[in-house]
Student: 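Quick one: the structure is below, questions incoming.
Because the structure is predicted, anything quoted here is derived from the model rather than measured. Hydrogens, waters and symmetry mates play no part in the numbers below; they use all other heavy atoms, side chains included.
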Amino acid sequence: MASNAAASTGCPTPTSSPSSRSQRHVVVVGAGIVGSSAAFFLRRTDPSLRVTLVDAANSVASAASGKAGGFLARDWSRDPLMRAGFDLHAELAREFGAEAIGYRRMRTVAASFSMARKEPSPPSSSKSPPTLAPPWLSADASRLSEMGDESTTAQVHPGLLTKRLAEESGAALELGAEVCGLSFVESSSSSSPKGSAAAAAAVVVGGVSLLDNRELPADAVVLALGPWLGHAARGWELPRGVSLPEVSAQRAHSVVLAPRRGEGGGGGGGGAAGKKGEAPPVVCATAVFAAVARRDRVAEPELYPRGDGTVYVCGESDDAPLPPVAISAVAAVEEERSLSSSSAPSFDPERTAMLREMAAAVSPSALGPGNCELVAEQGCYLPLPPPGSGGLPVISRVRGTENLYVCGGHSCWGILKGPESGRRVAEMVVEGLRERG
């Protein structure tokens, strides 16, 4: 097998070897939450590094990192990344300013609802606070239980955080640049200390090959491609003995709704008067994991009120095939221009419409027809952990190489675990560069 990873696609060969440059250069492929965090912590760990952040889209956080809900939980699994990630988010909020990245602590409840009842029940005057139910929920909510409080659950605005990390990293941005492969050079037996992990590797990455026929030489490469890591594993030409994790994808849908205030607000339910001209109830900082009885099944949408007054609603996953990176980047740009302008939208309108209907069942007064505006409807692809990983993301140096690293497969917890994962892979890269001398 050829050593040039993109020989069959017309990508260039490396113009120089990593050792010919005095300043160490790390290329991070993927400008989502993981890649931006890796770039940020690379410079934080070793300010002398030169870092380049590459993405096929024309903006940072163009895929799932810009369309996720940003829900954070501290102790919902035994994965150590969860607790460490939750605490790191709090640190970043203190550093960047909580409001600047949409960070706040919140309560989290579970509740059941039904779409069968067309009219909300009138508010009960016998209810007296405190109650688990936020005032904006339907009065028909049942089986309420608390899942977390301000000490264990929180939220962040994923797009704002990702862009801030990329900006603060000081990395050079190569946006609109699709990576089509890697170039490799034979490792030198004297380049690594005897007995080190790097010394046992067979090949060294010499650079990143771009579809526009450019080459970015690199001393180390981090692949933070999200669900497209699987495309790279199957489509890139790699040296014998080198393979990438088979990360797969699942499409999830979401809508962002803005409850109206003043004229036209109201609608009843949820303990609000709902009179004409009266503002709908304040959508307070309580995340809701709902079970909504529909005609076909019980669905489980999640609702995350944000500090800007909007409500993010997600769910309705499907198995739509993951598009190529370039197509996805174009679709993302089209969706930014108009909710319906893309000829090949990356979401299923029937599924986003169902999310709106279920949101209306959860909160008729704030999210029902006529009581809210549609801010966004969208789909994004979640990177699923590879087989054999135990459901955990992969953060490691690629076996058989000295300086190629992967970080991916975070599933629905990408925003929570992304910064901590980026920090850990950055530490691996810096340590690897030091070992190689």
Student: List the steps and the verdict of side-chain contact (heavy atoms from CB on, under 4.5 Å) for Val394 and Leu229.
Tutor: CA-CA 11 Å; Val394 177; Leu229 186 57; over 6 Å; no

Student: Using the rule given for side-chain contact (heavy atoms from CB on, under 4.5 Å), can you reason through Val288 versus Leu137, listing the C-alpha separation, both sets of side-chain angles and the distance that settles it, and then say yes or no?
Tutor: CA-CA 9 Å; Val288 179; Leu137 290 192; 4.0 Å; yes

Student: Val362 and Ala290: which non-hydrogen atoms are nearest, and at how many Å?
Tutor: CG2-CB, 4.0 Å

Student: Are any non-hydrogen side-chain atoms of Gln250 and Tyr381 less than 4.5 angstrom apart?
Tutor: no

Student: Measuring from Leu392:CG to Arg78:CZ, what's the distance to the nearest 0.5 Å?
Tutor: 12.5 Å

Student: For Pro349, is there any backbone N or O sitting under 3.5 Å from a side-chain donor or acceptor partner on Thr352?
Tutor: yes

Student: Just by modelled atom types, is the Val205 backbone N or O under 3.5 Å from a matching donor or acceptor in the Asn403 side chain?
Tutor: yes

Student: Taking side chain to side chain contact (heavy atoms under 4.5 Å, CB included) as the test, write out the residues that go with Ser112, two or more places apart.
Tutor: Ser142, Arg143, Ala291

Student: Ser209 and Glu215: which non-hydrogen atoms are nearest, and at how many Å?
Tutor: OG-OE1, 3.0 Å

Student: Short question: side chain of Trp228, backbone of Pro323 - any donor-acceptor pair under 3.5 Å?
Tutor: yes

Student: I'd like to know if Glu246 and Arg234 make a salt bridge, using a cut-off of under 4.0 Å between side-chain N and carboxylate O.
Tutor: yes

Student: In Å, rounded to the nearest 0.5 Å, how long is the span from OG1 of Thr310 to CD of Glu373?
Tutor: 12.0 Å

Student: How far apart are the closest heavy atoms of Val60 and Lys163, and which atoms are they?
Tutor: O-CE, 3.6 Å

Student: Answer yes or no: is there a donor N or O on one side and an acceptor on the other, between the side chain of Arg436 and the main chain of Asp219, under 3.5 Å?
Tutor: yes

Student: For the residue pair Cys314 and Leu355, establish whether any side-chain heavy-atom pair is separated by less than 4.5 Å.
Tutor: no

Student: Do you know which two heavy atoms are closest between Leu72 and Phe86, and how far apart they sit?
Tutor: O-CE1, 3.8 Å

Student: To the nearest 0.5 Å, how far apart are OG in Ser254 and OH in Tyr304?
Tutor: 10.5 Å

Student: Quick one: are the ring centres of Trp76 and Phe71 less than 6.0 Å apart?
Tutor: yes

Student: Regarding Asp318 and Arg351, does a basic nitrogen lie under 4.0 Å from an acidic carboxylate oxygen?
Tutor: yes

Student: Can a salt bridge be assigned to the pair Arg424 and Glu427 using a cut-off of 4.0 Å between side-chain N and carboxylate O?
Tutor: no

Student: Let me confirm one number: the CH2-OG distance from Trp136 to Ser365, rounded to the nearest 0.5 Å.
Tutor: 9.0 Å

Student: State, to 0.1 Å, how close Gly418 and Val34 come at their nearest heavy-atom pair, and which atoms those are.
Tutor: CA-CG2, 4.0 Å

Student: Hey, could you give me the CG/CG distance between Leu416 and Asp79, rounded to the nearest 0.5 Å?
Tutor: 8.5 Å

Student: Please tell me if the side chains of Phe40 and Leu53 come closer than 4.5 Å, counting only heavy atoms from C-beta onward.
Tutor: no

Student: Can you tell me how far apart OG (Ser317) and CG (Asp348) are? Round to the nearest 0.5 Å.
Tutor: 11.5 Å

Student: Would you confirm whether Ser65, through its side chain, and Ile33, through its main-chain N or O, come within 3.5 Å as a donor-acceptor pair?
Tutor: yes

Student: Decide, yes or no, whether a salt bridge links Arg44 with Glu95 under the criterion of side-chain N to carboxylate O below 4.0 Å.
Tutor: yes

Student: So which pairs with a foot in residues 400-429 pass ring-ring contact (aromatic ring centres under 6.0 Å, His included), sequence neighbours left out?
Tutor: none

Student: Are Asp149 and Ser151 close enough that a side-chain donor and a side-chain acceptor fall under 3.5 Å?
Tutor: yes

Student: Answer yes or no: does atom CG of Asp296 have more than 12 heavy-atom neighbours from other residues, nucleotides or ligands under 6.0 Å?
Tutor: yes

Student: Any chance the side chains of Arg306 and Gln155 put a donor and an acceptor closer than 3.5 Å?
Tutor: no

Student: So Val256 and Glu377, side-chain contact (heavy atoms from CB on, under 4.5 Å) or not? Walk me through it.
Tutor: CA-CA 7 Å; Val256 180; Glu377 58 181 340; over 6 Å; no

Student: Quick check against the 3.5 Å criterion: does Thr401 have a side-chain atom that pairs as donor or acceptor with the backbone of Val398?
Tutor: yes

Student: Considering residues at least two apart in sequence or located in another chain, which fulfil the side chain to side chain contact (heavy atoms under 4.5 Å, CB included) criterion with Ala299?
Tutor: Arg294, Arg297, Pro301, Glu316, Met358

Student: Looking at every heavy atom in both Cys407 and Ser421, which two are closest together, and how far apart are they?
Tutor: SG-CB, 3.6 Å

Student: Heavy-atom count check: over 12 atoms from other residues, nucleotides or ligands less than 6.0 Å from Glu300 CD?
Tutor: no

Student: Is there a donor-acceptor contact under 3.5 Å from the side chain of Thr286 to the main chain of Thr108?
Tutor: no

Student: Any side-chain heavy atom of Glu302 sitting closer than 4.5 Å to one from Val313?
Tutor: no

Student: Between Glu174 and Thr52, is there a side-chain donor-acceptor contact under 3.5 Å, judged purely by atom types and distance?
Tutor: no

Student: Inspect the surroundings of CD in Glu350 and state if more than 12 heavy atoms from other residues, nucleotides or ligands are less than 6.0 Å away.
Tutor: no

Student: Between Arg50 and His25 (side chain of the first, backbone of the second, donor and acceptor by atom type, cut-off under 3.5 Å), is there such a pair?
Tutor: no

Student: Test Leu374 against Arg356 for side-chain contact (heavy atoms from CB on, under 4.5 Å), laying out the working first.
Tutor: CA-CA 9 Å; Leu374 177 64; Arg356 297 184 69 184; 3.8 Å; yes

Student: Any side-chain heavy atom of Val179 within less than 4.5 Å of one from Leu210?
Tutor: yes

Student: Using side-chain heavy atoms (C-beta onward) and a distance below 4.5 Å, is Pro385 in contact with Ser411?
Tutor: yes

Student: Below 4.5 Å, heavy atoms only, C-beta onward: do Val221 and Val26 meet side chain to side chain?
Tutor: no

Student: Is there a donor-acceptor pair under 3.5 Å between the side chain of Thr45 and the backbone N or O of Leu42?
Tutor: no

Student: Going through the checks in order, is the salt bridge (Lys or Arg N to Asp or Glu O under 4.0 Å) test met by Arg423 and Glu420?
Tutor: CA-CA 5 Å; Arg423 175 159 65 179; Glu420 178 64 20; 2.7 Å; yes

Student: If we only count heavy atoms from C-beta on, is the Tyr103 to His157 side-chain gap below 4.5 Å?
Tutor: no

Student: For the pair Tyr312 (side chain) and Lys67 (backbone), establish whether a donor and an acceptor sit closer than 3.5 Å, ignoring hydrogens and angles.
Tutor: yes

